[in-house]
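Notes for the one structure printed next.
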Amino acid sequence: MLIWAVIFLIIAIIAGLFGFSGVASLAAQIAKILFIIFLVLFVISLVYHFYPRETSPKSLKIEESLLPEGCPWSLF
């Protein structure tokens with residue numbers, strides 16, 4: 001998503017150099033919105049990284065002794 005923000009920023013700069021102010025302002029606004037969305041998702045991912053869930057995937061593993069014999073899940 002960050003790459004799209006950079007692409008629209010480059011489009012805005014090039015359009016501004018050639019005098020297409022309407023296209024430049026639209027591309028700049030799209031780049032700004034995409035960058036803000038990227039920052040929000042980045043902060044959310046940081047929060048989830050530093051505050052892990054209470055149950056880890058290891059604790060959710062089914063004990064093989066609890067499975068009946070011949071159960072297809074016991075093959076994994």
Side-chain angles (χ1 to χ4, degrees):
M1 184 174 300
L2 185 59
I3 191 72
W4 284 105
V6 172
I7 289 171
F8 277 107
L9 179 64
I10 292 170
I11 291 171
I13 290 171
I14 292 172
L17 289 175
F18 287 120
F20 298 110
S21 60
V23 175
S25 66
L26 178 66
Q29 289 202 357
I30 291 173
K32 191 184 305 183
I33 290 169
L34 288 175
F35 185 72
I36 290 171
I37 291 171
F38 168 78
L39 283 180
V40 168
L41 292 176
F42 179 71
V43 169
I44 289 172
S45 69
L46 279 179
V47 168
Y48 275 111
H49 175 73
F50 289 115
Y51 295 106
R53 296 183 300 165
E54 293 295 323
T55 58
S56 65
K58 292 179 183 177
S59 67
L60 296 176
K61 186 177 178 183
I62 299 174
E63 292 291 327
E64 289 184 20
S65 61
L66 297 175
L67 295 173
E69 262 187 64
C71 182
W73 295 297
S74 62
L75 299 175
F76 300 112

Side-chain donor-acceptor pairs of residues 36-45 under 3.5 Å, sequence neighbours excluded:
residue	atom	partner	partner atom	Å
Ser45	OG	Leu41	O	3.4
Ser45	OG	Phe42	O	2.7

Side chain to side chain contact (heavy atoms under 4.5 Å, CB included) filter on Ala24, not counting sequence neighbours, yields Ala15
For Ala31 and Ala5 the tightest heavy-atom approach is CB-O, 3.3 Å
Sorted by chain and residue number, the side chain to side chain contact (heavy atoms under 4.5 Å, CB included) partners of Ala27 (sequence neighbours excluded) come out as Phe8, Ile11, Ala12
Connected to Leu9, directly or through other members, by ILVMFWY side-chain contacts below 4.5 Å are Ile13, Leu17
Those residues at least two apart in sequence (or on a different chain) that pass side chain to side chain contact (heavy atoms under 4.5 Å, CB included) with Leu26 are Ile30
**ILVMFWY network linking Leu34 to Val6, side-chain heavy atoms under 4.5 angstrom** = no
